[in-house]
Amino acid sequence: MAAPMEVAVCTDSAAPMWSCIVWELHSGANLLTYRGGQAGPRGLALLNGEYLLAAQLGKNYISAWELQRKDQLQQKIMCPGPVTCLTASPNGLYVLAGVAESIHLWEVSTGNLLVILSRHYQDVSCLQFTGDSSHFISGGKDCLVLVWSLCSVLQADPSRIPAPRHVWSHHTLPITDLHCGFGGPLARVATSSLDQTVKLWEVSSGELLLSVLFDVSIMAVTMDLAEHHMFCGGSEGSIFQVNLFTWPGQRERSFHPEQDAGKVFKGHRNQVTCLSVSTDGSVLLSGSHDETVRLWDVQSKQCIRTVALKGPVTNATILLAPVSMLSSDFRPSLPLPHFNKHLLGAEHGDEPRHGGLTLRLGLHQQSVLGGQDQLRVRVTELEDEVRNLRKINRDLFDFSTRFITRPAK
């Protein structure tokens, strides 16, 4: 039996010829290309080893391909707004997408939109499940990282807003990336931020285990499978290696490039956007705004391959190639259903669940307000006002972030 093949899956924001390219990690040979749109950052997901999902950059839909029918776009999953990030559960049962400050959860078998979670105050920037699909973690531009129990979200009382299991609020600027290690509910999670720190957390207790301060903003973070090393991609192009086994009991520290020169990968000319590590931990894959994907030898910190793309790299990840990707005869076990844009029951006039909050308007309330038509007009006016306030809040937050993080003259 042949050894599993590791492949690199990459996307860029230009995508003139293809939306996604797959190449063999060690030889560099192109294996597959998928056509149809441009995938946004943190917007690529493999669903049950049978479908490839890509959240389209600045668009309100998710593209889906069968892994072997690469030239035929199977479906467009419509969303109420541009998708900011995307992930699928490892067990293949659920799909999560960030739409503005909300998290949408679909059931794959039926295509039903089960719940919309609205606990972030700014756009959701990254999403990831734990390895056993029991929890998922969300990070946003509001500087918050939320840990959600999937069971609690699905079984929540419709009259109550589902609450996250943990709220991590130690970051002071927007979250740029997160990585969840192995261990299911006992896993450790690394988060990066524009505040120039990377933090390591424990899912079970919610405890902060480690905080590392850098000289630059950190745009991407990942760990090897053994969790011996944490790799952090900087806004100026460097990649920093943090050893997780050398500081017992030291919760906070600073990374000094001049003192840790042997732990820095140098080669990118612009900010690092994504990182991924091979199964054995010997190879690091990185993507950058300089329109290149680079393969690094972890031990020597030398670049062993550079692949030039046509635009800033939005996604680059290492996967063990599933059978469906390598076999031309493979077909999905089940067809991908139509994914509903609206919450289950909302399109039939039932009470909608939005973030676990049920809207109940009795007939006696409608009569007091002057009838159903007047109530609808008032609700529409309030919704418009809320949208305007959110836009003002988002603009103020973005301005403050740019002002705080601009380099000193």
Kindly write out the residues that satisfy side chain to side chain contact (heavy atoms under 4.5 Å, CB included) with [X], not counting sequence neighbours, or none if the list is empty.
X: L186; value: S204
X: T110; value: E107, N112
X: S13; value: L57, P312, T314
X: P185; value: D132, S134, H135

**Study point:** Residue pair S211, H170: steps toward the side-chain hydrogen bond (donor to acceptor under 3.5 Å, both in side chains) verdict
**Key:** CA-CA 10 Å; S211 180; H170 290 59; over 6 Å; no
Has [X] got a side-chain atom pairing as donor or acceptor with [Y]'s backbone, closer than 3.5 angstrom?
X: S102; Y: I116; result: no
X: S193; Y: L173; result: yes
X: W296; Y: F265; result: no

Go through the structure and list residues passing side-chain hydrogen bond (donor to acceptor under 3.5 Å, both in side chains) with [X], not counting sequence neighbours.
X: D123; answer: R394
X: E6; answer: T279
X: D280; answer: S278, S282

Set of salt bridge (charged side-chain N to carboxylate O under 4.0 Å, His left out) partners for R294, sequence neighbours left out: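 For R294, no residue satisfies salt bridge (charged side-chain N to carboxylate O under 4.0 Å, His left out) once neighbours in sequence are set aside.
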Holding to salt bridge (charged side-chain N to carboxylate O under 4.0 Å, His left out), I want the full list of residues that pass it with E207, two or more places apart in sequence or in another chain.
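R251.
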F231/F240 aromatic ring centres below 6.0 Å:
no
For a quick test of reading the model, state the closest non-hydrogen atom pair linking N91 to N48 and the distance between them.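 Nearest heavy atoms, N91 then N48: O-OD1, 4.0 Å.
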| query | For the residue pair P80 and H104, what are the closest heavy atoms and their distance? | reply |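 Here P80 and H104 meet closest at CG-CE1, 3.4 Å.
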For residues 114-134, the ring-ring contact (aromatic ring centres under 6.0 Å, His included) pairs (sequence neighbours left out) are F129-F136
task: Would you list the pairs meeting ring-ring contact (aromatic ring centres under 6.0 Å, His included) in which at least one residue belongs to residues 298-322, sequence neighbours left out?
output: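 Not a single pair qualifies under ring-ring contact (aromatic ring centres under 6.0 Å, His included).
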### Query
Would T191 and W168 count as having a side-chain donor-acceptor pair, cut-off 3.5 Å?
no
> Does a side chain donor of either Q38 or K59 reach within less than 3.5 Å of an acceptor in the other side chain?
Replying inline: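 K59 and Q38 do not have a side-chain donor-acceptor pair below 3.5 Å.
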Exercise for review: Fit a plane to each ring of Y34 and W65, take the angle between them on a 0 to 90° scale, and name the class: parallel (under 30°), tilted (30 to 60°) or perpendicular (over 60°).
Suggested key: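 Tilted: the ring planes of Y34 and W65 meet at 30° to 60°.
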For residues 175-203, the salt bridge (charged side-chain N to carboxylate O under 4.0 Å, His left out) pairs (sequence neighbours left out) are R42-D177, R188-E227
Margin query: Using side-chain hydrogen bond (donor to acceptor under 3.5 Å, both in side chains), reason through T273 and Q271 one step at a time and then give a plain yes or no.
Written below: CA-CA 6 Å; T273 56; Q271 80 173 41; over 6 Å; no
Pair S300, D297 - check side-chain hydrogen bond (donor to acceptor under 3.5 Å, both in side chains), show working.
CA-CA 6 Å; S300 67; D297 177 72; 2.8 Å; yes
What do the steps show when you test S286 against H268 for side-chain hydrogen bond (donor to acceptor under 3.5 Å, both in side chains), and what is the final call?
CA-CA 9 Å; S286 64; H268 286 297; 2.7 Å; yes
